[in-house]
There are 2 protein chains.
Amino acid sequence: MSTDSSTRLPGAARPLRPAVPEATVARLPVYLRALTAAAEDGVDTLSSDELATAAGVGSAMVRKDLSHLGSYGTRGVGYEVDYLIYQISRELGLTQDWRVLIVGAGNLGHALANYGGFASRGFRVVALLDLDAARVGEHIAGLHVDSVDRLEQVVAEAGVHIGVLALPADAAQATCDRLVAAGVTSVLNFAPCVLEVPAGVMVRKVDLSTELQILAFHQQRRVFQVERHPVAGRSRVPLAEAL
Amino acid sequence: MSTDSSTRLPGAARPLRPAVPEATVARLPVYLRALTAAAEDGVDTLSSDELATAAGVGSAMVRKDLSHLGSYGTRGVGYEVDYLIYQISRELGLTQDWRVLIVGAGNLGHALANYGGFASRGFRVVALLDLDAARVGEHIAGLHVDSVDRLEQVVAEAGVHIGVLALPADAAQATCDRLVAAGVTSVLNFAPCVLEVPAGVMVRKVDLSTELQILAFHQQRRVFQVERHPVAGRSRVPLAEAL
DNA sequence: TCGACTTTGTGCATTCGTTCACAAGTGCCT
DNA sequence: AGGCACTTGTGAACGAATGCACAAAGTCGA
Ligand SMILES: NC(=O)c1ccc[n+]([C@@H]2O[C@H](COP(=O)([O-])OP(=O)(O)OC[C@H]3O[C@@H](n4cnc5c(N)ncnc54)[C@H](O)[C@@H]3O)[C@@H](O)[C@H]2O)c1
Ligand SMILES: NC(=O)c1ccc[n+]([C@@H]2O[C@H](COP(=O)([O-])OP(=O)(O)OC[C@H]3O[C@@H](n4cnc5c(N)ncnc54)[C@H](O)[C@@H]3O)[C@@H](O)[C@H]2O)c1
């Protein structure tokens, strides 16, 4: 998504704020959550230090991240919680409703459809599709499962923005292709496989098994260390925080 | 987990291969999956280029990543699939069985317990705990749900390596503390909150809501672009692949 | 109004990750 | 045996992300 200013059309001589770094984007939701929690506790101002603690990062990083969005703090005071919530929400595009389609109504599809955490941030599950005729018609969380044959119609009729793949890996690529062909440009993939998509389509994957393997790697290494240097064990191992 | 050689104990003058970079570790599971798939197709040798395509990364990166584990390829030929599978598995610690405890037997806990993808890589769910008395005793995927009161005993008796938190955010920190106190040093957190843990404990989080917000951010930006520069739309937007 | 104190925003150094480009091996064919 | 085509492994260039340190800008109390 690099917005290279040299390829801009002549008419649009807009300065266009230098793109927000990807690493920052990934942290904005975390800040947002901390801010929302603070707002609910009646806090109306937070310093970068406090926000940093709540988000589990350094305060310099909070300031740099937020500086990419604009100058929304007040020196000597901190950030006004409500205002910052608004600004981050706007930046992330949470002021609009996003219509989500889930394909695959198995264990995971069920859990996702039942999950309340979606709606709370403007994500609305508009449909749930499955291949299995036995599941079609089933009712989950106010939705009835539709046949995956109707994928294209559903995308068009409901105006789907984001497709979620919760089906077996061997069906993922083909289904992804159908979503893309139908006009979906954002896909969240739970199947353990790599998806190929044309430029302009964004895929993010959530991979359980990978996460466990990363944990296993570090745990193994740690055990190895402890075995080698029994004295240096537990207490001396340096801090290890996750993504 | 930075193994700084200057803090090594005097007795252990072991060269100790320079730690594998975190970014590489995160890709090893992907390579492993591609290799396993290739092996099942009867392929016995892969070049870095082929492996790169299968893993959705560049071939230079594959080579550099693998070079961190050792010199397991053959110039002019490529990598022997079986041998590389073995080496990566060993590096990730998948040659041993990892015992996993899931806390929270709600929607997500159910889905996880039923998930076959765990066992296939040496991760074994040994127990499933919940607070709700109504759920305790329930049978899921060959396990019966136990009371969370018995957390400490279960960890000790079953020799749990990895704790998975699939419970509400407000119970996550306290439960994590109990796991850590009981000796668990690897935690996978699905609750939407930041966990504080002492040094030497590794937490990784899987955050659905964050992923959707990142997708929303990019989608919003893309739509904005298309609106501004209708001619430059769709086809010109540069490739966007996800981590 | 002033001065002490607090906290932001940012230039700079550093560290980490990716990509490039090529020398050094390896297998195959003649 | 020798040359050719291919592919690895890696130094070096590049770029992104992080952390440090401080000037600039604000608040508050006297
Ligand atoms: N369950 C988990 O906790 C979990 C965890 C991580 C990853 N995953 C992955 O998520 C995916 C789904 O997992 P699950 O446990 O829900 O599996 P599941 O078998 O319970 O459900 C898969 C569903 O997809 C449907 N399906 C199959 N092919 C389809 C197609 N072409 N179009 C539409 N629907 C189709 C099936 O009918 C089934 O209902 C899998 O790829 C799995 O590897 C699951
Ligand atoms: N369902 C999803 O698709 C989904 C997706 C992303 C994140 N999450 C997160 O995962 C977590 C679980 O989600 P869910 O949908 O399974 O919720 P859920 O309400 O269905 O299940 C939560 C379970 O945890 C149990 N519980 C509550 N307090 C507990 C405690 N102190 N100790 C042990 N168990 C306790 C409850 O009895 C319940 O069975 C939540 O934090 C949620 O935000 C869920």
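Below, chains carry the letters A, B, ... as their sequence lines are ordered, and counting in each starts from 1.
- Chain B approaches DNA chain D within less than 4.0 angstrom (heavy atoms of the protein), and the contacting nucleotides run 5' to 3' from dC6(D) to dA12(D).
- Partners of R33(A) according to the salt bridge (charged side-chain N to carboxylate O under 4.0 Å, His left out) rule, which considers only residues two or more places apart in sequence or in another chain, are D207(B).
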Give each protein N/O atom lying under 3.5 Å from an N/O atom of nucleotides 5-7 of chain C, with the pair distance.
residue: dT7(C); atom: O4'; partner: G76(A); partner atom: N; Å: 3.0
residue: dT7(C); atom: O2; partner: G76(A); partner atom: N; Å: 3.4

Just the atom pairs and distances: protein N or O near nucleotides 11-15 of chain C's N or O, under 3.5 Å.
residue: dG11(C); atom: O6; partner: K64(A); partner atom: NZ; Å: 3.4
residue: dC12(C); atom: N4; partner: K64(A); partner atom: NZ; Å: 3.4

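- Straight-line distance from the NE2 atom of H68(A) to the P atom of dT10(C): 9 Å, rounded to whole Å.
- When the C1' atom of dT18(C) is taken as reference, atom CG of L66(B) falls 15 Å away, rounded to whole Å.
- Checked against salt bridge (charged side-chain N to carboxylate O under 4.0 Å, His left out), R63(B) has no partners two or more places apart in sequence or in another chain.
- Residues passing the ring-ring contact (aromatic ring centres under 6.0 Å, His included) test with Y115(B), sequence neighbours excluded: F118(B).
- With sequence neighbours excluded, no residue forms a salt bridge (charged side-chain N to carboxylate O under 4.0 Å, His left out) with R75(B).
- Rounded to whole Å, the distance from CD on E22(A) to C1' on dC16(C) is 17 Å.
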Run the side-chain donor-acceptor check on residues 171-182 of chain A: report pairs under 3.5 Å with partners two or more places apart or on a different chain.
residue: Q173(A); atom: OE1; partner: E196(A); partner atom: N; Å: 2.9
residue: Q173(A); atom: NE2; partner: D177(A); partner atom: OD1; Å: 2.9
residue: Q173(A); atom: NE2; partner: E196(A); partner atom: O; Å: 3.0
residue: T175(A); atom: OG1; partner: A171(A); partner atom: O; Å: 2.7
residue: R178(A); atom: NE; partner: E152(A); partner atom: OE2; Å: 2.9
residue: R178(A); atom: NH2; partner: V148(A); partner atom: O; Å: 3.1
residue: R178(A); atom: NH2; partner: E152(A); partner atom: OE1; Å: 2.9

Let me have the donor-acceptor pairs involving side chains of residues 23-30 of chain B, under 3.5 Å, with sequence neighbours excluded, atom names and distances please.
residue: T24(B); atom: OG1; partner: D65(B); partner atom: OD1; Å: 2.6
residue: R27(B); atom: NE; partner: D65(B); partner atom: OD2; Å: 2.7
residue: R27(B); atom: NH2; partner: D65(B); partner atom: OD1; Å: 3.1
residue: R27(B); atom: NH2; partner: D65(B); partner atom: OD2; Å: 3.3

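- The residue G73(B) sits close only to the backbone: its heavy atoms come under 4.0 Å of sugar-phosphate atoms, none of a base.
- Considering only residues two or more places apart in sequence or on other chains, D49(A) meets the salt bridge (charged side-chain N to carboxylate O under 4.0 Å, His left out) condition with none of them.
- Judged by distance alone, the side chain of E211(B) and the main-chain N or O of L208(B) form no donor-acceptor pair under 3.5 Å.
- Under the salt bridge (Lys or Arg N to Asp or Glu O under 4.0 Å) criterion, no residue pair touches residues 37-46 of chain A, with sequence neighbours excluded.
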May I have the list of side-chain donor-acceptor pairs in residues 77-85 of chain A shorter than 3.5 Å, sequence neighbours left out?
residue: Y83(A); atom: OH; partner: Q87(A); partner atom: NE2; Å: 3.2

